[in-house]
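Report on the structure given below.
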Amino acid sequence: MYYKVTEIPLSERPRERLVNVGAENLSDKELLAILLKTGTKEKDVNMLATELLTKYGSLQKLENASLQSLLEIKGIGKVKAIEIIGIIELGKRIWYQTEEKKLKKLTTAKAIWEDSKYLFVSKNQECFYCLYFDNKQRLIERKLLFMGTINRSVVHPREIFKEAYLLSASSIVCMHNHPSGDPHPSHEDIIFTKNMMEIGKMQGIPVLDHIIVTDYEYYSFYEKHHSCI
């Protein structure tokens, strides 16, 4: 059973509850209701928040919502949809910057993929990152060096190693996504990886791996012991 916000006692309304008991004690629906601010004539803000959660199934899945899919919900116009996407992106960046400060030790391709795969979720063009590590294989920083078209990514080695010197990195792992959903390397990926590893040896900053990712899996040149390495 749903109640209009005006029918809910003042002390039980989402905004008042946030003030009285703290944001951490509010439900997902209540937090969304605060973000949405208002509903429509047909459904109040609580019903709209419930419909939003029902459509995506969980907050985790809501993080990948597109502008178009949000606009499909009656009661969510362009302004509300933009605000939702903006808040989600801010949350990602806060989490990302907090995690970056921890200098996590990542010693396997799977660990690196699991730690960084959220960067590539639902991207429809190739994004090329370099992960820079210290001499204990602790992550110093991730750098987005290139965003390309859906099937081509060109990165100059100069940019990759310039960042490594600036960060005093001891090693590098390259990562990029295949929006097609197939993580297997192209001929260009193989040639690029071979060249980067050769340059890394000459520069004294080894390129340990090149990981190609999709939304659900990854391909590691190091794990596959590819013939180009």
Side-chain angles (χ1 to χ4, degrees), residues 60-61 63-66 89 92-93 95-97 99-100 102-165 167 169-229:
Q60 184 178 10
K61 292 180 180 178
E63 73 170 339
N64 299 320
S66 67
E89 181 60 26
K92 287 181 180 179
R93 294 185 187 188
W95 180 87
Y96 172 74
Q97 291 174 16
E99 289 295 298
E100 282 290 278
K102 295 181 180 178
L103 285 182
K104 291 172 288 186
K105 192 170 185 177
L106 302 171
T107 58
T108 67
K110 184 177 181 181
I112 293 170
W113 173 65
E114 289 180 340
D115 184 72
S116 303
K117 62 184 178 180
Y118 75 94
L119 296 169
F120 304 95
V121 171
S122 299
K123 292 292 191 295
N124 59 8
Q125 61 180 340
E126 288 194 4
C127 300
F128 183 93
Y129 280 83
C130 275
L131 281 64
Y132 297 95
F133 294 87
D134 66 13
N135 59 4
K136 294 183 180 179
Q137 198 57 25
R138 294 179 302 185
L139 179 64
I140 300 172
E141 192 164 345
R142 303 179 185 87
K143 286 282 186 178
L144 174 62
L145 296 183
F146 185 79
M147 293 181 68
T149 63
I150 196 168
N151 59 7
R152 184 173 176 82
S153 179
V154 180
V155 183
H156 199 288
R158 179 179 60 247
E159 299 301 318
I160 293 173
F161 288 95
K162 179 186 77 174
E163 295 293 343
Y165 286 120
L167 294 166
S170 296
S171 60
I172 302 169
V173 171
C174 300
M175 291 187 77
H176 85 276
N177 61 318
H178 278 182
S180 65
D182 181 1
H184 292 90
S186 66
H187 177 69
E188 288 78 11
D189 292 332
I190 294 170
I191 298 300
F192 171 81
T193 304
K194 181 179 180 179
N195 290 340
M196 288 305 306
M197 291 187 171
E198 289 177 352
I199 294 171
K201 289 177 182 177
M202 290 188 290
Q203 296 291 331
I205 307 176
V207 176
L208 302 179
D209 201 354
H210 182 186
I211 302 172
I212 302 171
V213 307
T214 68
D215 284 353
Y216 304 105
E217 55 186 333
Y218 71 94
Y219 180 101
S220 161
F221 278 84
Y222 178 82
E223 285 185 349
K224 300 296 183 181
H225 299 285
H226 202 283
S227 58
C228 79
I229 298 175

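- A donor-acceptor distance shorter than 3.5 angstrom exists from the side chain of Asn177 to the backbone of Cys127, with no hydrogens or angles considered.
- In terms of heavy-atom proximity, Glu217 sits nearest to Gly181 at OE2-O, 3.9 Å.
- Nearest heavy-atom pair, Asp134 versus Lys136, reported as atom, atom and distance to 0.1 Å: OD1-N, 2.8 Å.
- Applying the side-chain hydrogen bond (donor to acceptor under 3.5 Å, both in side chains) criterion to Tyr165, with sequence neighbours excluded, gives Gln203.
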Open item on the list: The test is side-chain contact (heavy atoms from CB on, under 4.5 Å); show your working for Asp115 and Leu131 and say whether it passes.
Closed with: CA-CA 11 Å; Asp115 184 72; Leu131 281 64; 5.7 Å; no
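- Residues Ser171 and Gln137 have side chains in contact (heavy-atom distance under 4.5 Å, counting atoms from C-beta outward).
- Both the sub-6.0 Å distance and the 45° axial angle are not jointly satisfied by Lys110 relative to the ring of Trp113.
- With rounding to the nearest 0.5 angstrom, the NZ atom of Lys105 is 11.5 Å from the CZ atom of Phe133.
- With rounding to the nearest 0.5 Å, the separation of CZ in Phe146 from SG in Cys130 is 13.0 Å.
- Atom CD1 of Ile140 and atom CD of Glu163 lie 11.5 Å apart (nearest 0.5 Å).
- Note on ring orientation: taking the six-membered ring where Trp is involved, the planes of Phe192 and His210 are perpendicular (angle over 60°, cut-offs 30° and 60°).
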- [ ] Decide side-chain contact (heavy atoms from CB on, under 4.5 Å) for Phe221 and Tyr219; before the verdict, give the C-alpha distance in whole Å, the side-chain angles of both, and the deciding distance to 0.1 Å.
- [x] CA-CA 7 Å; Phe221 278 84; Tyr219 180 101; 4.1 Å; yes
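- Remark: the backbone N or O of Ser220 is not paired with any side-chain donor or acceptor of Asp209 at under 3.5 angstrom.
- Looking at every heavy atom in both residues, Ile172 comes nearest to Ala164 through CD1-CB, 3.9 Å.
- Between Leu145 atom CG and Met175 atom CE the span is 13.0 Å, to the nearest 0.5 Å.
- Going from atom CG of Leu119 over to atom NZ of Lys117 covers 12.0 Å, rounded to the nearest 0.5 Å.
- Annotation: the span from Glu141 atom CD to Tyr129 atom OH amounts to 11.5 Å, rounded to 0.5 Å.
- Between Glu114 and Tyr218 the shortest side-chain heavy-atom distance does not fall below 4.5 Å.
- In this structure, Met197 and Pro206 have side chains that are not in contact, with every pair of non-hydrogen atoms separated by 4.5 Å or more.
- Judged by distance alone, the side chains of His184 and His178 never bring a donor and an acceptor atom under 3.5 Å apart.
- Contact of the Met202 side chain with the Ile199 side chain is registered, since non-hydrogen atoms from C-beta on lie closer than 4.5 Å.
- Between His176 and Ile212, some side-chain heavy-atom pair lies under the 4.5 Å cut-off.
- With contacts defined as side-chain heavy-atom distances shorter than 4.5 Å, the pair Thr193/Pro185 does not qualify.
- Side-chain contact check for Ile160 versus Tyr132: some heavy-atom pair is nearer than 4.5 Å.
- Nearest heavy-atom pair across Ile205 and Phe161 is O-CE2, 3.6 Å.
- In summary, Glu198 and Lys201 do not engage in a salt bridge, as defined by a charged side-chain N under 4.0 Å from a carboxylate O.
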